[in-house]
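One structure below.
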There are 2 protein chains.
Amino acid sequence: MYAPSVDNLIVQLARLPGVGRRTAQRLAFHLLKASEADALALSDAIREVKERIGFCTECGNLAEEPLCTICADARRDRALICVVEDPSDLVALERTHEFRGLYHVLGGALSPIDGVDPEHLRIAELVARVERGGVAEVLLATNPTMTGEATAAYLADRLRDRTRVTRLASGLPVGGDLEYADEVTLGRALAGRREM
Amino acid sequence: MYAPSVDNLIVQLARLPGVGRRTAQRLAFHLLKASEADALALSDAIREVKERIGFCTECGNLAEEPLCTICADARRDRALICVVEDPSDLVALERTHEFRGLYHVLGGALSPIDGVDPEHLRIAELVARVERGGVAEVLLATNPTMTGEATAAYLADRLRDRTRVTRLASGLPVGGDLEYADEVTLGRALAGRREM
């Protein structure tokens, strides 16, 4: 029904995650109505990111050079590796300014139902990094979700004999309310209680 | 926290309607992970649509030429103009194969709260088309929503003295169930009952 170029744009937008045919159509019409400059700014941003950004050969983080800025930073503690699912998780941890080690970005979490098996994540690279030696601790910072927990359990099994393996604490979020906490979180907070 | 090109992509994606900062981040990471070919296919689709597609000078529909394929089609009935909010509504009507007249695309519906006043829609162009003469009927096919109904009422007031003005029937959708129909729809179906 539409001109071929409009149809093609709808098809390409519909390939984005969480974007169905109807949303893609709405986005396409938005771009058609938008000024030439605004629409091309998005087109160019996509092109530029693919031209400039790759993945760090060491940790899998986003990087403009072969090594990401963190791996290239000599002041970071190389004996401590924090394992995250995605670069956005790494950014969340960096915002705390509490972690001075290196990272390892898996590129997702294990989820056999979705066809994500160990060989689809950067797990072999993580084991190789640990086996190269000099790693005193691997901190597993995958999400506290079903798939994140399963990934953490799997990695702990693979790494436990080679180095110390720790996991981010689970419990009540700061500012949260006991009354509104779900049972699982509250159970974790109980199980993980600390001396004070 | 991200490289400038990644940040820019997130900003550009967040300007799309219904896309917040978090969704934009998720889409950006999807594009970063996607193959070069897939990501550039989207970039190119946006560029191509802006280069090729404009708006029909007569009706405001999407068009690769000055006139859209419908306005350029000599077999269409030029005495009948169907007014729609968006090109996607026009496509929905064309799918019925029941309408052989021309269209007029407003580019939205009146919504003073959102800052959409008559001068922001292609209403002056519609009045001019009717005033040029030869239009026996204007069929108002704006959406049966608050803004669509308000737009139809406004247009009917403007055009009633110049030509016959009709509105799409409102009532029970075919295949629908009386039991689950909302009161407004059912009320419309009652008010619009026909002899049989």
Side-chain angles (χ1 to χ4, degrees), chain A residues 1-19 22-23 25-55 61-65 68-69 86-88 90-95 107-108, chain B residues 1-19 22-23 25-55 61-65 68-69 86-88 90-95 107-108:
Chain A
M1 272 298 180
Y2 299 111
S5 58
V6 178
D7 250 338
N8 180 42
L9 177 59
I10 295 173
V11 167
Q12 295 303 332
L13 287 166
R15 297 176 68 182
L16 294 171
V19 177
R22 276 199 92 78
T23 306
Q25 198 167 299
R26 197 162 45 84
L27 295 177
F29 281 120
H30 170 85
L31 289 167
L32 279 161
K33 276 198 233 175
S35 73
E36 179 113 359
D38 282 354
L40 294 188
L42 175 56
S43 170
D44 291 342
I46 296 169
R47 179 174 299 278
E48 197 177 302
V49 108
K50 293 310 276 188
E51 273 165 9
R52 294 173 93 105
I53 306 286
F55 295 97
N61 186 17
L62 301 178
E64 294 197 328
E65 311 287 329
C68 72
T69 50
D86 287 306
S88 50
L90 181 158
V91 169
L93 285 161
E94 282 296 286
R95 277 205 209 98
Chain B
M1 271 299 179
Y2 298 109
S5 57
V6 178
D7 251 337
N8 179 42
L9 177 58
I10 294 172
V11 167
Q12 296 303 333
L13 286 167
R15 298 176 68 183
L16 293 172
V19 176
R22 276 199 91 79
T23 306
Q25 198 167 298
R26 195 161 48 82
L27 295 178
F29 280 121
H30 169 86
L31 290 167
L32 279 161
K33 276 198 232 175
S35 72
E36 179 111 359
D38 283 353
L40 294 187
L42 174 56
S43 170
D44 293 342
I46 296 169
R47 178 173 299 278
E48 198 177 302
V49 109
K50 294 309 277 189
E51 276 166 8
R52 294 173 94 105
I53 305 286
F55 294 97
N61 185 18
L62 302 178
E64 296 197 328
E65 312 287 330
C68 73
T69 49
D86 288 304
S88 49
L90 182 160
V91 169
L93 284 163
E94 281 297 286
R95 277 206 208 96

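Side chains are part of it too, since the values below use all heavy atoms of this structure and drop only hydrogens, waters and symmetry mates. Per chain, numbering begins at 1; letters A, B, ... match sequence-line order.
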| Of all of B:Val19, B:Leu9, B:Thr69, B:Asn8, which one pairs up most often with chain A through heavy atoms under 4.5 Å apart? |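 Result: the option with the highest number of such pairs is B:Leu9.
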
| said: Return the CD to CG distance between A:Gln12 and B:Leu40, rounded to the nearest 0.5 Å. | reply: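 Those atoms lie 10.5 Å apart.
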
| message | Under the rule for salt bridge (Lys or Arg N to Asp or Glu O under 4.0 Å), what residues qualify as partners of B:Glu65, not counting sequence neighbours? | response | none

| task | Keeping the roles fixed (side chain from A:Lys50, backbone from B:Ala37), state whether a donor-acceptor pair exists under 3.5 Å. | result | no

Proximity breakdown for [X] and chain A, heavy-atom pairs closer than 4.5 Å:
X: B:Glu64; result: side chain
X: B:Leu13; result: both
X: B:Glu94; result: both
X: B:Arg52; result: side chain

Top residue by heavy-atom pair count (under 4.5 Å) with chain B, among [options]?
options: A:Glu51, A:Arg15, A:Glu48; result: A:Arg15
options: A:Asn61, A:Asp38, A:Leu90; result: A:Asp38
options: A:Val11, A:Ile53, A:Leu31, A:Val49; result: A:Val49

| Are B:Asp86 and A:Arg26 ion-paired here, with the side-chain N under 4.0 Å from a carboxylate O? | no

| said: Applying the side-chain contact (heavy atoms from CB on, under 4.5 Å) criterion to A:Ile46, which one of B:Leu27, B:Leu32, B:Leu42 satisfies it? | reply: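 In the set B:Leu27, B:Leu32, B:Leu42, the residue that makes a side-chain contact (heavy atoms from CB on, under 4.5 Å) with A:Ile46 is B:Leu42.
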
| Portion of A:Glu36 that has a non-hydrogen atom of chain B nearer than 4.5 angstrom |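 Both parts, backbone and side chain.
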
